[in-house]
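Positions are given from 1, in the same order as the sequence printed here.
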Amino acid sequence: MCEAKSVTVQLLEEKFVYGCGDDQVLLSATVPVYECGECGEMYTGDEAEQLRHEAVCKHLGRLTPKEIKAIRDSYDLTQEKFAEVSGFGVASIKRWERGNQIQGESANNLLLLLRMPSNLRLVREANRRAAFQPRFRTKMSESTLKQSLEFKLRFPVTREKAA
């Protein structure tokens with residue numbers, strides 16, 4: 001803040017609170033801390049934030065952003081292709097790799113399975129199969145059959161009563 005040019009950096013263990021209420025825990029991460037030689041002001045940057053995020057991922061038992069990217073990179077896939085293969089949204093993959101969001105447990109489990117090339121092959125094979133087509137035992141008209149294949153479950157629309 002004082003615009004001095006003499007800044008030193010040192011790695012320090014930082015303790016921070018994660019969670020709230022009964023789920024609150026104290027975590028720690030070793031982060032680079034910068035100190036101004038003129039005014040003594042100390043601060044951290046983006047790298048420290050990434051290291052804190054990794055500590056939270058490890059606490060939750062989730063893959064870190066670097067580990068998720070490493071899975072994708074191991075197959076030489078873009079984020080878009082990885083989304084296509086895995087079934088995740090490309091926006092989710094981007095958020096996970098940037099550390100903007102931590103993936104849920106089920107997504108993490110699938111990512112862990114996708115580390116193995118044989119599992120990726122299985123997913124690709126499943127994606128190549130034809131889409132599920134229901135078979136009906138009773139006779140139906142062509143229009144009823146067509147409607148059943150086009151059916152999409154929607155949430156009911158509620159209308160507020162006029163006061």
> Got Thr8 and Cys36 here, is their nearest side-chain heavy-atom distance under 4.5 Å?
Replying inline: no
>> Between Val56 and Val17, is there shared hydrophobic-cluster membership here, with clusters defined by ILVMFWY side-chain heavy atoms closer than 4.5 Å?
In response: no
>> Return the CD1 to CE distance between Ile71 and Met116, rounded to the nearest 0.5 Å.
In response: 12.0 Å
>> If you count every heavy atom of other residues, nucleotides or ligands that lies below 6.0 Å from Gln24 atom CD, does the total exceed 12?
In response: yes
> Under a 4.5 Å cut-off applied to non-hydrogen side-chain atoms, are Leu12 and Val31 in contact?
Replying inline: no
> Side-chain donor-acceptor pair under 3.5 Å between Ser28 and Glu13, yes or no?
Replying inline: yes
> Leu63, Leu51: one ILVMFWY side-chain cluster at the under-4.5 Å cut-off?
Replying inline: no
> Can you find a pair of side-chain heavy atoms, one from Phe82 and one from Val90, that are under 4.5 Å apart?
Replying inline: no
> Would a distance-only check, ignoring hydrogens and angles, find a side-chain to backbone donor-acceptor pair under 3.5 Å from Glu47 to Pro32?
Replying inline: no
> Are the side chains of Leu110 and Phe88 in touch, meaning some heavy atoms are under 4.5 Å apart?
Replying inline: yes
> Under a 4.5 Å side-chain heavy-atom rule over Ile, Leu, Val, Met, Phe, Trp and Tyr, are Leu26 and Leu60 clustered together?
Replying inline: no
> Honestly curious: do Val85 and Tyr75 fall in one hydrophobic cluster under the side-chain, below-4.5 Å linking rule?
Replying inline: yes
> Would you say Leu112 and Ile102 are hydrophobically clustered, going by side-chain heavy atoms of ILVMFWY under 4.5 Å?
Replying inline: no
> Is it true that Glu49 and Arg52 have a side-chain N and a carboxylate O under 4.0 angstrom from each other?
Replying inline: yes
>> Can you confirm whether more than 12 heavy atoms, excluding those of Glu80, are under 6.0 Å from its CD atom?
In response: yes
>> Please report the interatomic distance CZ(Arg98) to NE2(His53), rounded to the nearest 0.5 Å.
In response: 12.5 Å
> side chain to side chain contact (heavy atoms under 4.5 Å, CB included) between Arg124 and Arg121: does it pass, once the steps are laid out?
Replying inline: CA-CA 5 Å; Arg124 281 184 162 154; Arg121 279 193 298 278; 5.7 Å; no
> Do Glu14 and Thr30 pass the side chain to side chain contact (heavy atoms under 4.5 Å, CB included) test, and can you show the C-alpha distance, the side-chain angles, and the key distance before you say yes or no?
Replying inline: CA-CA 6 Å; Glu14 178 184 272; Thr30 302; over 6 Å; no
> Hey, are Glu54 and Lys66 close enough for a salt bridge, meaning a charged N less than 4.0 Å from a carboxylate O?
Replying inline: yes
>> Check this for me, if you would: do Arg62 and Glu67 make a salt bridge, where the nitrogen-to-carboxylate-oxygen distance has to be below 4.0 angstrom?
In response: no
> Between CD of Glu84 and CG of Asn127, what distance do you get to the nearest 0.5 Å?
Replying inline: 8.0 Å
> Considering only heavy atoms from C-beta outward, does the side chain of Pro65 approach that of Cys57 to under 4.5 Å?
Replying inline: yes
> So how far is it from Met42 CE to Tyr34 OH, rounded to the nearest 0.5 Å?
Replying inline: 12.5 Å
> Is the shortest heavy-atom distance from the side chain of Ser86 to the side chain of Val123 under 4.5 Å?
Replying inline: no
> Can you find a pair of side-chain heavy atoms, one from Leu27 and one from Lys15, that are under 4.5 Å apart?
Replying inline: no
> Should Glu41 and Glu35 count as side-chain neighbours, where that means a heavy-atom distance under 4.5 Å?
Replying inline: no
> Atom NZ of Lys81 and atom CD1 of Ile93: how far apart are they, to the nearest 0.5 Å?
Replying inline: 12.5 Å
>> Test side chain to side chain contact (heavy atoms under 4.5 Å, CB included) on Ile68 and Gln103; report intermediate values, then the result.
In response: CA-CA 10 Å; Ile68 295 170; Gln103 65 281 4; 3.4 Å; yes
> With distance as the sole criterion, is a donor-acceptor pair present between the side chains of Ser92 and Arg95 under 3.5 Å?
Replying inline: yes
> Under 6.0 Å from the CE atom of Met140, do we count more than 12 heavy atoms belonging to anything else shown?
Replying inline: yes
> salt bridge (Lys or Arg N to Asp or Glu O under 4.0 Å) between Lys5 and Glu38: does it pass, once the steps are laid out?
Replying inline: CA-CA 8 Å; Lys5 303 268 190 269; Glu38 299 289 323; over 6 Å; no
